[in-house]
Structures are given as C-alpha cells and as structure tokens.
Amino acid sequence: MNERHIQIEQALLGVLDPATGKNLVEAGRVKRIDATENHWAIDLEITNPALHVKKKIEADISKALSPFRPDSVQLQVHFLVNSQARAEERKVLPGVRRVVAVASGKGGVGKSTVAVNLAAALSRLGSRVGILDADIYGPSVPLMLDTKYVRPGLVQDEQGRSLIEPVENYGIKMLSIGFFAGDDQAVAWRGPMASKALTQMITEAAWGELDFLILDLPPGTGDIHLSLVQLLPLSGVIVVSTPQEVALADARKGVAMFQMPNIQVPVLGLVENMAWFTPLELPDNKYYIFGEGGAAKLAAELNIPLLAQIPLVQGIRESGDRGLPAALDDSNPAAVYFSDLAVSVMEIAHRLAAR
Ligand SMILES: Nc1ncnc2c1ncn2[C@@H]1O[C@H](COP(=O)(O)OP(=O)(O)O)[C@@H](O)[C@H]1O
Ligand SMILES: [Mg+2]
C-alpha cells in the first residue's frame, strides 16, 4: 500500500454505503484500490445494481476524492454485484428479486393490458409474480384478473405486525387501489390519500418471496412516479405506446423522466401496443390504422430496445374485460406476443442484474 492508496481509503471513509448506512470501508464494500500515476481504480461490491444507485455512489466517491485528485487522473469505479447480499439487505420488499414498472405517457394506450399480460406470461414461465396496480386514476387490474369483488385480508408477520395480504388469482399476487376505493370514490382518493395507500401497499403488505413485482404506473410523469422511485429501487421500466404521433411524443417524455440524473431507472425498452389491426375473419391481414414504424424509429433514436409489437385484436380487449388474460389462454392467438415479451424482459433483467 502506498501513500496515495491510504489517502483514497481515508476519503472513502466519508462515503455512505446506501445498503447498510455505514461508510464504504466499514461496510466492507471496498474490494480493491489500484492507484497509478494517471489512473485510479476502485472495485466496489454493491447489492443494488440499479443505475441510479451506481451513479450516486460514483458521484459521492468522485466528490470525496476531488480535494486531492489531479484533473489528469482518470477515476474508474468497478461495481461487483453481490445479489445474494442484495436480497438480504434491501429494506423495502426484501423478498422481491425484481421490480419492473410499466409506464406510458398517455392513458388508454394499453399499459394495464401489457402489465397484466406480462405478469401472467412471466408466471406461466415459472416465475413467482406479483402485480401492484399503482394507477390511482383508473385501477383496472382487479377487472383484468377477475378479482373485482375480492377484498384483501390482513395477516400477521413474525413480529405480530398486521400486514395487508395480497389477493391471489391465477397464481399471481396483486394489490390495487381499486380494492380499497370503489369506482365512485376514486376521485376523492386522488392526491395524498392515494399516495399513502400506495406506500402502504408496498411497505405494509405481505408480498413474500417474488421473482418479479410488476408495477402498473399511472399514465404520465408525476409526483406518484417520483415518490415510488424513491421508495422502491426499480430494476427497470417498460414504456408502452401506440404508433400514434401524440402517444409517441408522450412516451419520449416518459423515457426522459426515467433517465433523469436523479432518477436513473434503467429503461428496459418500448412496447408498441395496437401496432396494427387484424380482424378476426382475416387473421393474415394487418392494417396500420395508427401509423407504421413510429415506435421502431423512436426506440432506435433513444437507443433502447423495441421489446414487442402487439396487434389490436378483439381477443385482447375481450380477455381483459372477461378477467382471463390473453397470455393465460392458449386458445387466444395473441398469447404468443406476451410470452415473447416475457422472455425478452427476463433476459434483459438478467443481463442488467449481472452488470
Ligand atoms: N392490443 C389490444 N387489442 C385490443 N384491445 C386492447 C389492446 N390493448 C388494450 N386494449 C383495450 O384498450 C382499453 C385500454 O387499455 P388499458 O390497458 O386499460 O390502457 P391503459 O392502462 O393504458 O389506460 C381496454 O379496454 C383494453 O382492453
Ligand atoms: Mg390502466
């Protein structure tokens, strides 16, 4: 160890490890420091690989070293992800491996349809899945998963604390603001009360062990999004749009919000819903009634994957209204679009976690 080395380690005593609340050195996060004349490299173990967490630590380190780091010296922080430790240390929803949000700029583009069918398709692939309907403006998960008239009960945890017990159907756990506020009450629930209820559905609910928790976010970019992102480390977000110009413009704003420096949630990709219309009696015909190619263009421009193109077909609307997601219904020709989407999401989430 040379002097420079010691100086760097000293400085890292002043940088907080977000997972434990100790400093990076005491928390045992610093695995290696390599300081040459022009290049300082630090290997850090982290438990939460979310981009916003990495960026924050990087910025904190850079600041801590700035008093003695010459401008000519390049600083590099290598993150070693220890996902085992991660599950143990996450304070919010420690049993949930991945939280994936489904967002859209505009309402009515099929965000809930995509969220519910993605959850269903992941479950079919063998994952343990939950869905949190955070759309306080139009909770539709209970209708789409046939639990509209069910009410969540309470369970006690080991410490005797009362927790909300998610409702379960088709092997999917779910909570929705719709379970607590009737359709007619929804308006009164907006604002702080809805935010509080949402927080409770995350911090005071018995979600148990899940591979994926899917969040059906409200449309747009608002306070609810920001408070959710602060409360829960998201593994990533999927943005849903139709091919229409107005929807694409709003999707672009959505992506920009998640990529803001203080948010930094990885955008897993874009889903183009209602990409074309196919009538039941002409299953080979495609009519691009909302325009063609817009989502692919936007995805390329933003350098994010186009995860799926889902057609506008009667069977998807009907399955939503009937409470049996298309993804769970082999007789529904649209099921394949959602299983393909689920496979892509699993692959990308896996790659991100390994980074
Ligand atoms: N690909 C599709 N084909 C047919 N109907 C669809 C499709 N996607 C969504 N819908 C229907 O459009 C309406 C709005 O979809 P929804 O998922 O509730 O949108 P959002 O959550 O964005 O407001 C619903 O009635 C739904 O069944
Ligand atoms: Mg919705």
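Whatever order the structure lists ligands and atoms in, that order sets their numbers, starting from 1.
- The only member of Asp17, Leu24, Ile8, Asn23 that meets side-chain contact (heavy atoms from CB on, under 4.5 Å) when paired with Val30 is Leu24.
- Considering backbone and side-chain atoms alike, Asp135 places every N or O at 3.5 Å or more from each N or O of ligand 1.
- Distances shorter than 4.0 angstrom do not occur between any heavy atom of Gly320 and any atom of ligand 1.
- The distance from atom CZ of Phe180 to atom CD1 of Ile136, rounded to the nearest 0.5 Å, is 14.5 Å.
- Remark: Lys63 does not engage Asp60 in a salt bridge, criterion side-chain N to carboxylate O under 4.0 Å.
- Checked against salt bridge (charged side-chain N to carboxylate O under 4.0 Å, His left out), Asp211 has the following partners two or more places apart in sequence or in another chain: Arg97, Arg128.
- In the model, Asp216 has a side-chain atom that pairs as donor or acceptor with a side-chain atom of Ser112 under 3.5 Å.
- Ring orientation note: the planes of Tyr337 and Trp276 are nearly perpendicular, at an angle over 60° on the 30°/60° scale.
- Heavy-atom distances between Ser104 and ligand 1 stay at or above 4.0 Å for every pair.
- Within the 4.0 Å heavy-atom criterion, neither part of Val240 lies near ligand 1.
- Residues satisfying the salt bridge (charged side-chain N to carboxylate O under 4.0 Å, His left out) criterion with Asp71, sequence neighbours excluded, are absent altogether.
- Below 4.0 Å from some heavy atom of Gly108 lie the following atoms of ligand 1, by number and element: 19 (O), 20 (P), 22 (O), 23 (O).
- Of all protein heavy atoms, the one closest to atom 8 (N) of ligand 1 is Asn273 ND2, 2.9 Å.
- Within ligand 1, the atoms closer than 4.0 Å to a non-hydrogen atom of Ser112 are 17 (O), 20 (P), 21 (O), numbered from 1 in the order shown.
- Taking only nitrogen or oxygen atoms, main chain and side chain alike, Val313 reaches within less than 3.5 Å of ligand 1.
- Taking a distance limit of 4.0 Å, we find that atom 13 (C) of ligand 1 is approached by no protein heavy atom.
- When only non-hydrogen protein atoms are considered, atom 19 (O) of ligand 1 lies nearest to Gly110 N, 3.0 Å.
- The nearest protein heavy atom to atom 24 (C) of ligand 1 is not closer than 4.0 Å.
- In terms of protein heavy-atom proximity, atom 17 (O) of ligand 1 is nearest to Thr113 OG1, 2.6 Å.
- At least one N or O atom of Lys111 sits closer than 3.5 Å to an N or O atom of ligand 1.
- Counting protein heavy atoms only, atom 5 (N) of ligand 1 is closest to Arg317 CB, 3.4 Å.
- Closest non-hydrogen pair, Phe212 versus Val345, comes out as CE2-CG1, 4.4 Å.
- Closest to atom 2 (C) of ligand 1 among all protein heavy atoms lies Ile316 CG2, 3.5 Å.
- Here 1 is the count of protein N, O or S atoms positioned under 2.8 Å from the Mg ion (ligand 2), waters not counted.
- Taking CZ from Arg4 and CG from Leu65, the interatomic distance works out to 10.0 Å, rounded to the nearest 0.5 Å.
- For Lys31 and Asp43, the salt-bridge test fails: no basic side-chain N is under 4.0 Å from an acidic carboxylate O.
- At a threshold of 4.5 Å between non-hydrogen side-chain atoms, the residues Tyr170 and Leu324 count as touching.
- Contact annotation: for Met144 versus ligand 1, heavy atoms closer than 4.0 Å belong to the side chain alone.
- Residue contacts with ligand 1 include Pro311, since one of its heavy atoms falls under 4.0 Å from the ligand.
- When the heavy-atom distances from atom 10 (N) of ligand 1 to Lys106, Met274, Gln314, Glu272 are ranked, the shortest goes to Met274.
- Residues passing the salt bridge (charged side-chain N to carboxylate O under 4.0 Å, His left out) test with Arg317, sequence neighbours excluded: Asp321.
- A salt bridge links Asp135 and Lys111; the closest N-O separation between the charged side-chain nitrogens and carboxylate oxygens is under 4.0 Å.
- Taking CZ of Phe179 as the start and NZ of Lys148 as the end, the distance is 11.0 Å to the nearest 0.5 Å.
- The pair Glu45-Arg29 meets the salt-bridge criterion, with a side-chain N (NZ, NE, NH1 or NH2) lying under 4.0 Å from an Asp/Glu carboxylate O.
- Ligand 1 has no nitrogen or oxygen under 3.5 angstrom from a nitrogen or oxygen of Ile310.
- For the pair Arg161 and Glu204, the salt-bridge criterion is not met [side-chain N within less than 4.0 Å of a carboxylate O].
- Considering backbone and side-chain atoms alike, Asp216 places every N or O at 3.5 Å or more from each N or O of ligand 1.
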